[in-house]
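The first residue of the sequence shown is numbered 1, and numbering continues consecutively from there. Bear in mind the structure is a predicted one, so any value in this text is a computation, not a measurement.
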Amino acid sequence: MTQPEVPRSSPDEPWPVRVVSQKVSGWIAKLGWVWVEGQVAQISRRPGASTVFLTLRDSSADLSLTVTTNRDVLDAGAPTLAEGAKVVLHAKPEFYAARGTLSLRADEIRQVGLGELLARLEKLKKLLAAEGLFDRARKRRPPFLPNRIGLITGRASAAERDVLTNARRRWPAVEFRTVNVAVQGPTAVPQIMDALKVLDTDENIDVIIIARGGGSIEDLLPFSDEALCRAVSGCRTPVISAIGHETDAPLIDYVADVRASTPTDAAKRVVPDLAEELRLIRQARQRLDRAVVNLVDRESHRIEAIRSRPVLARPTVMIEQRSADVTGLRDRAARCLDHRVGSAATELRHTVARLRALSPAATLDRGYAIVQRADGQVVRASDEVSAGDPLRLRFARGEVTATVDG
């Protein structure tokens, strides 16, 4: 029977714990009967007891609730129920005020069948594809030779052994940081997400491998979890998915940057084969050697062909020819210059002779004289002077003055 609520003298007065528990219990009771989906983490069947206790876990979150039900309800709805199975149950939330705990009381339990699981996975696949998580454009190529590899797998599992053994066989110096997690069951998804976060924040990790061996569709369900797919999509480090066998295709295969068909295939994809790389290097060196030898031979023949030409066989021929040309041109220039100078000298002598013949001095030498008035004007006729005018008479050598007297 519910105890009466203790009245408070003021709004700021604190409530007793029992009052808070009663109110919480009342609020939860208002929810009524609900359908709940989850994964069975634990089943407790006590011999001779009619009540069965289940631990129901949300695979997408680190959260679980206790479920109580009648053995007849469990046998009628899910007689073969085992830990790790997915169920849908009709239950009423109940809050136990004395312990402050929340639980569910179920009156119907249904185990989710394979067909329904596949339908839900297909629906989730279409949703993630529509959001672009499967696009090839967003996928990154792992490095050719990673500095360090992160490995998420089960402890001492065949998948871990296959990845480590084959990777070290291909490249002995490869380094791993292995994080062992549960790879099936209700705790698998939270542990894988935690390991993924740890490795993604490690600056030395260049690529992450998530590996698991084969199994049934129910065993591989954690690797189709929506939260895990989104976590892989959000990683800054390239992720290689190596889940199950070739025919297995959990949703993480579509989200990861690289899908490996098996853990062994992941080891082959993550590191190169040392022997193969050495063989390729030897082939490359041989091709390079042949190319260098062929180039040297070709250039040697080319040099020999050039050296056999006359201009290089007797390089002085060209100089001698040019020297003879220069000497001939110089002699020709000297002859032309002498001829031009001789012709000019002869012409100069003729010109001087003509000038001398036409010169007034030559006329004076023949006995003539030049009569000039006092102002220097030459007298050419007798009527140009009068009696008493002074005159100057110029001869070939010297001059005299005179006066006109008549």
Side-chain angles (χ1 to χ4, degrees), residues 57-63 124-125 127-129 131-157 159-164 166-168 171 173-213 220-244 248-272:
R57 187 179 188 85
D58 188 336
S59 58
S60 300
D62 191 9
L63 181 67
L124 178 58
K125 180 179 178 181
L127 173 64
L128 298 179
E131 294 183 11
L133 269 66
F134 300 166
D135 289 348
R136 298 184 63 87
R138 57 163 296 277
K139 296 183 182 297
R140 295 151 298 180
R141 178 179 297 179
F144 172 74
L145 184 60
N147 179 47
R148 201 175 188 191
I149 302 169
L151 176 60
I152 302 174
T153 187
R155 184 180 300 276
S157 62
E160 179 181 7
R161 183 177 63 255
D162 289 345
V163 172
L164 297 179
N166 286 281
R168 287 170 178 160
W171 196 271
V174 64
E175 294 185 7
F176 279 90
R177 180 181 177 182
T178 304
V179 181
N180 296 119
V181 298
V183 292
Q184 70 182 62
T187 61
V189 173
Q191 291 187 21
I192 295 174
M193 291 179 63
D194 290 342
L196 195 64
K197 183 177 180 181
V198 169
L199 294 178
D200 192 40
T201 55
D202 190 343
E203 296 293 337
N204 295 322
I205 299 297
D206 293 332
V207 64
I208 299 173
I209 299 176
I210 303 177
R212 186 201 189 281
L220 301 181
L221 276 179
F223 299 97
S224 294
D225 185 80
E226 181 179 359
L228 179 58
C229 291
R230 295 188 184 278
V232 171
S233 176
C235 284
R236 66 167 185 83
T237 308
V239 177
I240 299 177
S241 173
I243 308 301
D248 298 321
L251 296 185
I252 194 178
D253 282 353
Y254 299 96
V255 181
D257 297 287
V258 176
R259 185 217 178 227
S261 57
T262 61
T264 301
D265 184 42
K268 293 179 180 179
R269 288 171 175 267
V270 76
V271 291

- What residues form a side chain to side chain donor-acceptor pair (under 3.5 Å) with Ser233, not counting sequence neighbours? Arg138
- Item | Option among Ile205, Val271, Asp206 that satisfies the side-chain contact (heavy atoms from CB on, under 4.5 Å) test with Ile149 | Val271
- Message: Side chains of Phe223 and Val183, heavy atoms from C-beta outward: is any pair under 4.5 Å?
- Response: yes
- Message: Could you tell me if the side chain of Leu128 sits less than 4.5 Å from the side chain of Arg230, heavy atoms only?
- Response: yes
Quiz: residues 249-259 side-chain donor-acceptor pairs under 3.5 angstrom, not counting sequence neighbours:
| unit_1 | atom_1 | unit_2 | atom_2 | d |
| --- | --- | --- | --- | --- |
| Asp253 | OD1 | Ser241 | OG | 2.3 |
| Asp253 | OD2 | Arg259 | NE | 3.1 |
| Tyr254 | OH | Lys125 | NZ | 3.2 |
| Asp257 | OD1 | Arg140 | N | 2.8 |
| Asp257 | OD1 | Arg140 | NE | 3.3 |
| Asp257 | OD2 | Arg140 | NH2 | 3.0 |
| Asp257 | OD2 | Val239 | N | 2.9 |
| Arg259 | NH2 | Glu246 | O | 3.0 |
| Arg259 | NH2 | Asp248 | O | 2.8 |

- Non-neighbouring partners of Asp162 that pass side chain to side chain contact (heavy atoms under 4.5 Å, CB included), sequence neighbours left out: Asn166, Pro263, Thr264
- Closest heavy-atom contact between Ala129 and Phe134? CB-CD1, 3.5 Å
- Query: Quick one: are Val179 and Gln191 in side-chain contact, heavy atoms under 4.5 Å?
  - Reply: no
- Message: Please enumerate all residues that pass salt bridge (charged side-chain N to carboxylate O under 4.0 Å, His left out) together with Arg141, with sequence neighbours excluded.
- Response: none
- Task: Taking the side chain as every heavy atom from C-beta outward, state whether Arg57 and Pro190 have any atom pair closer than 4.5 Å.
- Result: yes
- Considering residues at least two apart in sequence or located in another chain, which fulfil the side chain to side chain contact (heavy atoms under 4.5 Å, CB included) criterion with Glu175? Arg148
- Message: Which residues pass the side chain to side chain contact (heavy atoms under 4.5 Å, CB included) test with Arg236, not counting sequence neighbours?
- Response: Asp200, Glu203
- Message: If you compare all heavy atoms of Pro222 against all heavy atoms of Val189, which two are closest, and at what distance to 0.1 Å?
- Response: O-CG2, 3.6 Å
- Query: Which residue pairs pass the salt bridge (Lys or Arg N to Asp or Glu O under 4.0 Å) test with at least one member in residues 177-189, sequence neighbours excluded?
  - Reply: Arg177-Asp202
- Message: Are Ile208 and Leu196 packed together at the side-chain level, in the sense that at least one heavy-atom pair is separated by less than 4.5 angstrom?
- Response: yes
- Mind checking the SG-CG spacing from Cys229 to Leu127? Nearest 0.5 Å is all I need. 10.5 Å
- Task: Could I get the full list of side chain to side chain contact (heavy atoms under 4.5 Å, CB included) partners for Thr178, not counting sequence neighbours?
- Result: Leu151, Thr153, Glu160, Leu164, Phe176, Asn180
- Taking the side chain as every heavy atom from C-beta outward, state whether Val232 and Ile210 have any atom pair closer than 4.5 Å. yes
- Query: In chain order, what residues pass the salt bridge (charged side-chain N to carboxylate O under 4.0 Å, His left out) check against Asp265, with sequence neighbours excluded?
  - Reply: Arg269
- Query: Looking at OG1 of Thr262 and CD1 of Ile243, how far apart are the two atoms once the value is rounded to the nearest 0.5 Å?
  - Reply: 11.0 Å
- Message: Just checking Lys139: does its NZ atom have more than 12 heavy atoms from other residues, nucleotides or ligands closer to it than 6.0 angstrom?
- Response: yes
- Message: Would the distance check show the side chain of Asp225 and the main-chain N or O of Ala227 forming a donor-acceptor pair, the cut-off being under 3.5 Å?
- Response: yes
